[in-house]
There are 2 protein chains.
Amino acid sequence: MVGFALTEKETKYLMLIYRWRIESSSEVRTTDIARFFKVRPATVTEVLRNLTRKKLLVHRPYRDVDLTAKGIKEARKLLRKHRILEVFFSDFLKYDVRRSCFEASKIDYHASTSLINDICRFYGHPRTCPCKKDIFADPSCSNEDVEEE
Amino acid sequence: MVGFALTEKETKYLMLIYRWRIESSSEVRTTDIARFFKVRPATVTEVLRNLTRKKLLVHRPYRDVDLTAKGIKEARKLLRKHRILEVFFSDFLKYDVRRSCFEASKIDYHASTSLINDICRFYGHPRTCPCKKDIFADPSCSNEDVEEE
DNA sequence: CTTAAATTTAGGGAAATCCTAAATCTTGAT
DNA sequence: ATCAAGATTTAGGATTTCCCTAAATTTAAG
């Protein structure tokens with residue numbers, strides 16, 4: 001079904017690139033990513049290469065990075081998981097935006113899609129996270145039935 | 001504070017050994033652990049050696065394994081996290097025992113102690129998980145903001 | 001006391017993540 | 001237009017985690 005599998009770090013990079021490139025319309029540069037994750041630029045280049053190999057990015061060496069349609073789709077799936085968790089932390093535990101994001105980041109990669117879907121369903125398929133950013137609906141998360149990933 | 005750090009797998013082994021050795025009073029054998037985790041006995045021996053090095057187990061080669069006081073303490077902490085998550089899944093999403101355990105297993109290692117404590121507090125510091133096994137109170141999770149006598 | 005079964009030891013391997021040093025490319029100042 | 005400074009990539013490794021096979025060792029059953 002998927003055709004590729006992402007490591008945890010790769011998902012973090014993909015989500016970050018989506019937020020900057022798509023949601024903030026910024027140019028995404030290796031150094032910025034490196035600074036964000038507190039790693040060396042060479043490390044970023046390597047991850048970029050892997051995400052490119054998986055057809056999620058288009059990387060123009062020494063220039064910039066862009067998401068492919070597939071990359072955008074995958075990033076939205078990942079961000080949906082992350083943000084559904086934020087909705088939960090914010091509502092259930094009254095966490096502020098900062099903390100909701102922090103705790104969601106620790107488990108978003110490990111939480112199963114069916115778990116996320118159940119939380120999503122509980123909250124009536126919310127369209128935005130606590131900081132008002134979009135949560136894109138996922139076809140696997142319907143209002144009626146329960147299914148596996 | 002801790003003096004040791006556990007890998008994810010090590011926490012799984014420690015919890016399993018606690019469940020079998022302490023909660024079920026069984027002898028814990030290498031082969032049983034290997035069968036449970038679907039790995040080769042040699043792999044189990046290696047993990048056992050590492051847990052022993054961390055002073056959590058006493059391993060009598062070719063014979064059996066036992067938990068040290070430190071190992072029991074640590075296993076209870078880990079199982080507390082796991083079981084608090086089970087309480088949540090069971091209550092909030094109406095998961096059955098089997099599924100609560102399954103989903104909890106995926107994230108128990110990654111959920112922060114403060115997150116677990118907040119869920120624990122929400123549920124009034126439950127003493128048992130959905131399948132009635134003990135949840136040992138953790139000193140870091142205070143009762144202070146609960147109703148007084 | 002023998003030997004089959006269980007276990008450990010020895011020696012590796014793959015994947016994920018990160019690093020340094022050196023090479024290469026881009027860009028802005030002159 | 002040129003060229004140095006800064007940004008980026010390449011090359012080559014290191015570490016950690018987790019798992020494996022083969023061979024040696026120990027236990028225990030008969």
Side-chain angles (χ1 to χ4, degrees), chain A residues 2-17 20-21 26-67 71 74 78 105-111, chain B residues 2-17 20-21 26-67 71 74 78 105-111:
Chain A
V2 245
F4 59 90
L6 298 177
T7 67
E8 182 166 4
K9 276 294 175 181
E10 283 170 357
T11 67
K12 301 303 180 190
Y13 278 64
L14 195 57
M15 288 191 279
L16 183 70
I17 293 167
W20 285 355
R21 190 75 197 84
S26 312
E27 245 189 31
V28 176
R29 320 192 101 266
T30 297
T31 307
D32 297 326
I33 299 176
R35 191 166 40 240
F36 186 88
F37 288 120
K38 296 179 171 50
V39 297
R40 298 295 176 164
T43 303
V44 174
T45 303
E46 192 181 25
V47 177
L48 258 28
R49 181 168 10 96
N50 292 334
L51 287 170
T52 297
R53 185 166 44 71
K54 290 171 185 176
K55 309 283 189 222
L56 299 164
L57 297 182
V58 177
H59 183 202
R60 295 192 310 159
Y62 298 102
R63 294 184 177 279
D64 59 8
V65 200
D66 223 327
L67 291 154
E74 185 62 25
L78 294 169
S105 294
K106 294 193 171 183
I107 63 180
D108 54 10
Y109 181 74
H110 305 95
Chain B
V2 244
F4 60 90
L6 298 176
T7 68
E8 183 166 2
K9 276 294 175 182
E10 282 169 356
T11 67
K12 302 303 181 189
Y13 278 64
L14 195 58
M15 287 191 279
L16 183 71
I17 293 166
W20 285 356
R21 191 74 196 85
S26 312
E27 242 188 34
V28 176
R29 299 188 347 256
T30 295
T31 306
D32 298 326
I33 299 176
R35 189 166 46 240
F36 186 88
F37 288 120
K38 297 180 173 45
V39 297
R40 300 293 176 165
T43 303
V44 174
T45 303
E46 191 182 24
V47 177
L48 259 29
R49 181 168 11 95
N50 292 333
L51 287 170
T52 297
R53 186 165 44 71
K54 291 172 185 176
K55 310 282 189 223
L56 299 164
L57 298 181
V58 176
H59 183 202
R60 294 194 310 159
Y62 298 102
R63 294 186 177 276
D64 58 9
V65 201
D66 224 325
L67 291 153
E74 185 61 24
L78 294 169
S105 294
K106 294 193 172 185
I107 61 179
D108 55 9
Y109 181 74
H110 305 95

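These figures come from a predicted structure and were not determined experimentally. Protein chains get the first letters and strands the later ones, always in sequence-line order, with residue 1 at the start of each.
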Which whole-number value in Å describes the distance from [X] [atom1] to [N] [atom2]?
{"X": "A:Ile33", "N": "C:dT17", "atom1": "CD1", "atom2": "P", "result": "15 Å"}
{"X": "B:Asn50", "N": "C:dT8", "atom1": "CG", "atom2": "P", "result": "13 Å"}
{"X": "B:Leu48", "N": "D:dT17", "atom1": "CG", "atom2": "C1'", "result": "17 Å"}
{"X": "A:Asp64", "N": "C:dT26", "atom1": "CG", "atom2": "P", "result": "12 Å"}
{"X": "A:Leu6", "N": "C:dT17", "atom1": "CG", "atom2": "C1'", "result": "15 Å"}
{"X": "B:Glu27", "N": "C:dA6", "atom1": "CD", "atom2": "C1'", "result": "13 Å"}
{"X": "B:His59", "N": "D:dT27", "atom1": "NE2", "atom2": "C1'", "result": "13 Å"}
{"X": "B:Arg60", "N": "D:dT27", "atom1": "CZ", "atom2": "C1'", "result": "12 Å"}

Under 3.5 Å: donor-acceptor pair, side chain of B:Lys54, backbone of B:Leu6: no
Spacing of [X] atom [atom1] and [Y] atom [atom2] [to the nearest 0.5 Å]:
{"X": "A:Lys12", "Y": "A:Phe36", "atom1": "NZ", "atom2": "CZ", "answer": "10.0 Å"}
{"X": "B:Leu78", "Y": "B:Met15", "atom1": "CG", "atom2": "CE", "answer": "5.5 Å"}
{"X": "B:Leu57", "Y": "B:Tyr13", "atom1": "CG", "atom2": "OH", "answer": "11.5 Å"}

Neighbours of DNA chain C within residues 34-45 of chain B, by heavy-atom distance under 4.0 Å: B:Pro41, B:Ala42, B:Thr45
Donor-acceptor pair present, B:Glu46 side chain and D:dC18 base, under 3.5 Å: no
Derivation and outcome, salt bridge (charged side-chain N to carboxylate O under 4.0 Å, His left out), residues A:Asp66 and A:Arg21: CA-CA 7 Å; A:Asp66 223 327; A:Arg21 190 75 197 84; 3.5 Å; yes
Nucleotide nearest B:Lys9 (side chain, heavy atoms from C-beta), chosen from C:dT8, C:dC18, D:dC19: D:dC19
Side chain of A:Tyr62 - closest among D:dT17, C:dT26, C:dT8: C:dT26
Validation row: B:Val39, B:Val44 side chains within 4.5 angstrom (heavy atoms): yes
Crowding at CD, A:Glu8 (>12 non-hydrogen neighbours, <6.0 Å): yes
Phosphate OP1/OP2 of D:dT26: any B:Arg63 side-chain N/O under 4.0 Å: no
B:Thr30 side-chain N/O to C:dT8 phosphate OP1/OP2 under 4.0 Å: yes
Along DNA chain C (nearest heavy atom to each residue), the more 5'-positioned of A:Glu8 and A:Arg29: A:Glu8
